[in-house]
Each structure stands twice: as C-alpha cells, then as structure tokens.
Amino acid sequence: MSETIQTLLQESRTFPPTPEFVAQANANDPKIYQDAAADPEGFWEGWAKQLDWFEPWHTVCDFQPPYAQWFVGGKINAAYNCVDRHALGDRKDKIAIIGEGEPGDTRFITYGELKDQVSQLANALKALGVGKGDRVSVYMPMIPELAVTMLACARIGAAHSVVFGGFSADSLAERTNDAKCKVIVTADGGWRRGNIVPLKNTVDETMDLGCPTVTNVLVLKRVGTPGEVTNGVVTPEYSQGSWVEGRDIWWHDLVPQQSTDCPCEPMDSEDLLFVLYTSGSTGHPKGIVHTTGGYLTGTYATSKLVFDLKEDDVHFCTADCGWVTGHSYIVYGPMANGATVLMFEGAPDTPDKDRFWRIIEKHKATILYTAPTAIRAFMKWGDEYPNRCDLSSLRLLGSVGEPINPEAWIWYQQTIGKGNCPVVDTWWQTETGAIMISPLPGITPTKPGSATQPFPGISVSVYNEKGEGKEVTGPGIIDSAAGGFLVLTKPWPSMTRGIFNDPARFQKTYWSKFDNAYFAGDGVKLDEEGYLWLLGRVDDIMLVAGHNISTMEVESALVDHPSVAEAAVIGKTHDIKGQAIAAFVILRGGHQNHDGLVDELKKHVAHKIGALARPDDIFISAELPKTRSGKIMRRLLRDVAEGRALGDTTTLADPNVVHLLRDKYEASEG
Ligand code: 6R9
C-alpha cells in the first residue's frame, strides 16, 4: 500500500456497553488501558501470577527480535493449570466439557473426571514411548477426546500438532514428518452431515506415503462399524481402512487400563507446548511454535476479559481444534479459567439449519464465538431458524477469522443477541496466540465492523510503506487518522516463538518488511477516535486508477444490499485503470437473480463508497471457494476472472466449487 486508504468506511453507529453489563463486567474501569500501557511487563506479570507455577520466573521478558522469552526460569504445566487446579479445588464436580456429537449424543465431563481421563491417556502415551520433548500428531473429530489428547500431551511435556480432520493424507503426512511425530492419535471416523469422515482410513494412506518417525497409531472408536447406531442414527458405509498389527492400537484396549495417577511434568516456561501448521501463500505449511508460560498467560487473560468469563458461563466456541481458535478459546484459555466449554462435532446445518441455535437452547450457552463466514451463511438461510429457538441464555457474542461487515455485525447483534449482548470482534492470528485487538465488553463502545482497540498491554502500530507510523496503545491514544500496515513492535507473552525448524523463513515472513517489528500481513485503518478497522490481507488491497481500495470495503457495501448474502471482491488486471473491480456474489435465501439486479448492485456500491469503487463485473454465483476454515480464496477468483489456469486448490474445503464457478463464469463471458 503506497498511500493512505482513500475510501473510509461510512459506519457511524456506536453501541456503548449497557449499565447492567458494566456493573457485572470483569473489566469495567478504563484505567486498565493506561496502567497496562505505562507498564506492560507488570501488567502481564500480574496475569501470570494468577496461574499456578511450580517455580517462579526470574525475568519477566527478554526480547531479542524476532524472539521473545517470557517468565524466564519459571516452571509450569499447562494441563495442571487447565485441569488439576480445578479438579483439586472447588470445581471437581463442575462440568468442564459438554460434548455434543452430530447425531445428538451428549456427554458431560466434570473437571474431576477430566483429570482422570487426561492422566490415563498421558500414561498410555508414555507406554507408547512418548515423553517430554516428543511430538504427537492429533487427527480427530471435534469430540471431548480431542481436548483430552491435547491436555494429555501437555501433561507429560510432549507437544501436540493438531491437524484438522478435513485435511488429506498428503497434508497429514507433510505435517507429521515436518514435526517428526512419534505417534498419531486418531479415531475410526467422525460425523459430518450424516456421513462419516474416514479418519483412520486417511491415516492408513498417510502411513503408506511414509512417516518414518511414527511408531504407533492410537485409534479411538467413535463411529463404529456400518449399521451401528448412535443416538438413533445409523452409521452409514465408509472406508474403515485396514488394521496393521503392532502399529495400530485401539484406545479402548490401552487407555482405560491405565492408572489415573500421572504427575504433571514441570516444564520450563519456554518449553514447547504445541506446533500448529498454517498454510503459507506459497510453499509448504508453516509450523507455528507456541511455548508454555506466555501462551497460557495470554489466553487466560484474554478469555477472562474479552469473553467476560464467569463461573456460570457455558462457552460455545464453534471453531474446530484444528485451528488456533480451538486451541486458545476452547481448550487453553477457557479451561485455565475453569470454565464450562461446549464442543460440537458436526455441521451447523445438520440435521437442520437451526443446529447451533438448538445447541444453545439445549445447553443454555451464554457465550457464542463464531466466524463472519458462518454468520453470513445464517443470514442467507433466514431468520426463521434462530427465531424458533430460545436464545435467551446468551449474554455475549464474539466474532473471529475475517473482517466482519457491518451488516452481518448488526444482524448478529439483533437477531442472535436480541440487542442485549455485547459483540466482540476479535482480531488475532495463529502467530499471535491470543486475541490482540478487541473491545472489552464492559468498557468499549463498539462500532459495527471495527475490532476497536488493542487489548491492554498490546501496542499496535499503523505503518506506511516506509515504516513510519503511529502507535495505538488504547482508546484515543493517537493523534490523527491513518491507514496502512498492521505492525506489532512490542513483545507480548503469547507471541509465536517461530516456525518449527525454519528460523530463516520466520525472519523473512514476518520480520523483514520493517526493522525490529512484526508485520502481520494485514491492512488496517485508524479512525479519528482511535478505532482500528481491519481491511484484510494486504494482498487483498486493490489499486484502482491510483486509489487503494480494500476488497473488504466493497464486499461490505455489497452485503449491505438486501438481496446479497455474501460477496467476494478481487482486483482484475485492467489496461487503463491498472485494476478493475470484479465481484462474485451469493444471493440471500428467497432472492433470485433478475434483469437489472447487477446494475442495481453496482449503483449500490457507488452510492455507499463512491464511483471509483463501482465494480466493473458482478457475477452471481451459488458458492465461493473457501479454505477449510472458511476464508475466501481470492487468489483463485483472480485466476478465474483473468482466465488463468487455477493455482493450488489443495487447501480448499471443496475444490469442485472453483471449477464449477470457472466454467459458469467462462460461459457467461461468452
Ligand atoms: C484467529 C485466526 C489470521 C488472519 C489475520 C486476518 C484474519 C482474523 C479477524 C481477521 C479481521 C478479525 N482475521 N480475525 N480479520 N477481523 N476479527 O483467524 O487465525 O487462521 O491464523 O488467521 O485472519 O487476516 O491475519 P488465523
């Protein structure tokens, strides 16, 4: 981005916290921002002290860019903090995990039971030769045993590498080999839209590709054999894979026999807790490294303040543990707080499009944390689904994963929150470990579409191309509006400690654009009141006739039109303008394409942003190419619009979508 973003979002609605919410909020004094800004290390140290340590640290932070160490010299165990300290205290009989299977089978696991289950699995892993410093691949459905496995690894000091169950054998092999995992923990299968995801079969294919470091595959029985019945739902035919004697071990043959006694390994604050692979724009995935003390401190503090976690909350984060959101806001953050978390195995439209709302009603969930892509799908499906369920237990709503357009924000706040729940739009990354930019629900007036302000103790800088810029440390602590690159210059406890076995790539990807500063890859705009507006990845900024326009602004304007459910916008090479705007649009339920609609949409964008943002092409489509975590792959849409061969499609949730879309697009071009 060579110049300031020209077109600012025209969003002026603000929602201050209600007095009732403020009165009970975990954070309700704005002074927290000033105090943290004056002494960030002291601020974080205060949070670290709320965790249980075996030995104290001698140094709070040692920052040698690009690496930081936190709570140096301290000894701690993440499983102890997430399980034992609750099980040994007042929360022994409190529900830790509510597991909602897709067939509707429900399990309730108390902290006391969780301690036993985690310990037994930890002993089983030890029996398979896994110890401190080893790595374990985890390839499981979203059921309680996934969290149990992560915590069992943490208990014995082995690092987990969770691989989302939708990934292929190639992806699992690449990640398993990069991390040199000793064991793969999996299940026979998982439920998804009434079908079985054949996890064990994929692990067999993975092993056939060659995983020389893997000695055993531990297999949980989840779906059983075809014809078996779970909660009235019959397991359909699926590929069960084969059984390799000696290598494959059933969970039920090994784990329940183990002792429920397994000491927590005292880990160095800076010992590896997990590796989590994220796809890079090029090349093979990056193994993002997180260590123990700092990561736990960051996720603990943000869970408590951003979600306002209380003893009676039921926290429903809809992410899969294959993504960082599941690591930080299903497992480590909420459980370090002793919260009750919900884990849902299936799809939001199975058996019907009201599934999330039924789950909230059934378990009286109080906090919902989901992604804009899901919210837009719900809008498209129609209000009848949430409206037929009792959502009155909800008291706070969160969003993560992408910029949330104001229309979706308002819909979420009104249709799901009934106007009574604060909405926290949280910006962060796999690499940041914990939430970095977000409202504090008892303090921050929100603006739909803005992630608002840095979390206390976090400084965000908005840089121009030359690395000049402004630092934002709290509400209003800036002097004028600017737009540019989102950069973090000060260390924070949960920051990644690098890319597994690839320090050069770490330096190059994040620390080379600006001196001694972490470049997040996102564009951001700062308004006059010090609010941050995330604009998406910088590769998603278009340069149209000399103007910087973010794809997200145009998408927001399109989704603001009553007939549009979702939009993806790209810059398409143009002889005169440099780039021209092309949009792919999905209509809302009940709306049909008709003569004049495309023109109406173009006018709508011109009206909302300005004539320069008027799209040249609008293509009405049934679906958009998305990654498995729901992010739109604009790179592929550029290939479609520019008539190029499609680039790498392996990270797509459904590669067919983009092929179909290309065929239709080309047909429409005639
Ligand atoms: C937690 C997670 C990180 C990227 C990030 C940004 C986008 C996430 C956002 C957001 C705008 C938000 N992103 N939250 N953009 N507003 N509230 O999603 O991690 O999968 O590593 O993705 O997601 O572009 O850089 P990860």
Side-chain angles (χ1 to χ4, degrees), residues 9 11 162 164 167 274-281 285-290 295 298-299 302-303 306 317-330 332-333 369-376 397-406 408-409 412 423-439 444 446-455 458 460 485-488 494-496 499 509-510 513 518-525 531-541 550-553 555-556 626-635 651 653:
L9 290 164
E11 181 55 61
V162 183
F164 174 57
F167 274 121
F274 65 85
V275 183
L276 180 59
Y277 286 84
T278 71
S279 49
S281 45
K286 302 174 283 210
I288 300 299
V289 166
H290 282 287
Y295 172 80
T299 52
T302 48
S303 295
V306 174
C317 166
T318 69
D320 191 287
C321 285
W323 315 120
V324 73
T325 304
H327 282 63
S328 300
Y329 297 110
I330 294 178
Y332 291 108
Y369 191 34
T370 194
T373 179
I375 297 168
R376 288 190 295 266
L397 303 174
S399 172
V400 61
E402 285 173 276
I404 178 166
N405 48 292
W409 194 103
Y412 195 33
V423 174
V424 291
D425 172 12
T426 62
W427 179 90
W428 59 294
Q429 307 178 298
T430 306
E431 296 85 341
T432 69
I435 292 169
M436 304 295 283
I437 306 175
S438 164
T444 320
T446 50
K447 300 186 188 185
S450 168
T452 75
Q453 275 122 19
F455 188 81
I458 300 293
V460 168
F485 300 102
L486 196 166
V487 166
L488 301 156
S494 64
M495 67 196 278
T496 177
I499 298 179
T509 310
Y510 305 100
K513 188 166 177 72
Y518 171 87
F519 172 44
D522 283 11
V524 66
K525 179 175 71 68
Y531 278 60
L532 294 160
W533 300 76
L534 278 306
L535 301 172
R537 309 292 301 164
V538 288
D539 3 322
D540 294 336
I541 303 285
S550 102
T551 54
M552 182 251 163
E553 284 177 283
E555 286 162 9
S556 278
K626 288 188 185 157
T627 62
R628 292 180 171 85
S629 60
K631 296 191 210 288
I632 296 169
M633 284 193 79
R634 294 186 182 74
R635 169 171 66 74
T651 56

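Read the numbers this way: they start at 1 and go in the same order the structure lists the ligands and their atoms. Computed from a predicted structure; not experimentally measured.
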Under 4.0 Å, heavy atoms only, figure out whether ligand 1 is touched by the backbone of Ile404, its side chain, both or neither. neither
I need the atoms of ligand 1 closer than 4.0 Å to a non-hydrogen atom of Asp425, numbered in the order shown. 12 (C), 17 (N)
Which is it for Asp522 and ligand 1 at heavy atoms under 4.0 Å: side chain, backbone, both or neither? side chain
Please work out whether the ring planes of Trp428 and Tyr329 are parallel, tilted or perpendicular, with thresholds of 30° and 60°. perpendicular
Protein contact of atom 22 (O) of ligand 1 - nearest heavy atom, named by residue and atom, plus distance: Lys631 NZ, 3.3 Å
Show the atoms of ligand 1 that are less than 4.0 angstrom away from any heavy atom in Val324. 1 (C), 19 (O)
So does Trp533 get a backbone contact from the side chain of Ser450, meaning a donor-acceptor N/O pair under 3.5 Å? no
Within the 4.0 Å heavy-atom cut-off, what Glu402 brings close to ligand 1 is backbone
Decide whether the shortest distance between a heavy atom of Thr278 and an atom of ligand 1 is less than 4.0 Å. no
Do Val324 and Ile288 have side-chain heavy atoms sitting under 4.5 Å apart? no
Which label fits His290 and Tyr295: parallel for a plane angle under 30°, tilted from 30 to 60°, or perpendicular past 60°? tilted
Out of curiosity, is Trp323 lining ligand 1, as in a heavy atom under 4.0 Å away? no
At a 4.0 Å threshold, what atoms of ligand 1 neighbour a non-hydrogen atom of Thr426? 9 (C), 12 (C), 14 (N), 17 (N)
Nearest protein heavy atom to atom 3 (C) of ligand 1, by residue and atom, and its distance? Trp428 O, 3.6 Å
At under 4.0 Å between heavy atoms, which part of Thr325 makes contact with ligand 1: side chain, backbone, both or neither? side chain
Once salt bridge (Lys or Arg N to Asp or Glu O under 4.0 Å) is applied, do any residues pair with Lys631, and if so which ones, sequence neighbours excluded? none
Looking only at the side chains, is there a donor atom on one of Tyr510 and Thr496 sitting less than 3.5 Å from an acceptor on the other? no
Mind running side chain to side chain contact (heavy atoms under 4.5 Å, CB included) on Val424 and Ile435 for me, showing each step along the way? CA-CA 11 Å; Val424 291; Ile435 292 169; over 6 Å; no
Go through Thr426 and Tyr369 one step at a time and tell me if the side-chain hydrogen bond (donor to acceptor under 3.5 Å, both in side chains) criterion holds. CA-CA 10 Å; Thr426 62; Tyr369 191 34; 2.6 Å; yes
Determine whether any heavy atom of Ala451 lies closer than 4.0 Å to an atom of ligand 1. no
Does this structure show an ion pair linking Arg376 with Glu555, if we count only N-O contacts that are shorter than 4.0 Å? no
How far is atom 14 (N) of ligand 1 from its nearest protein heavy atom, and which residue and atom is that? Gly401 N, 3.0 Å
Starting from atom 11 (C) of ligand 1, what is the nearest protein heavy atom, named by residue and atom, and what distance separates them? Pro403 N, 3.0 Å
protein heavy-atom neighbour closest to atom 21 (O) of ligand 1 works out as Thr430 OG1, 2.6 Å
Lys626-Thr373 side chain donor-acceptor pair, cut-off 3.5 Å: yes
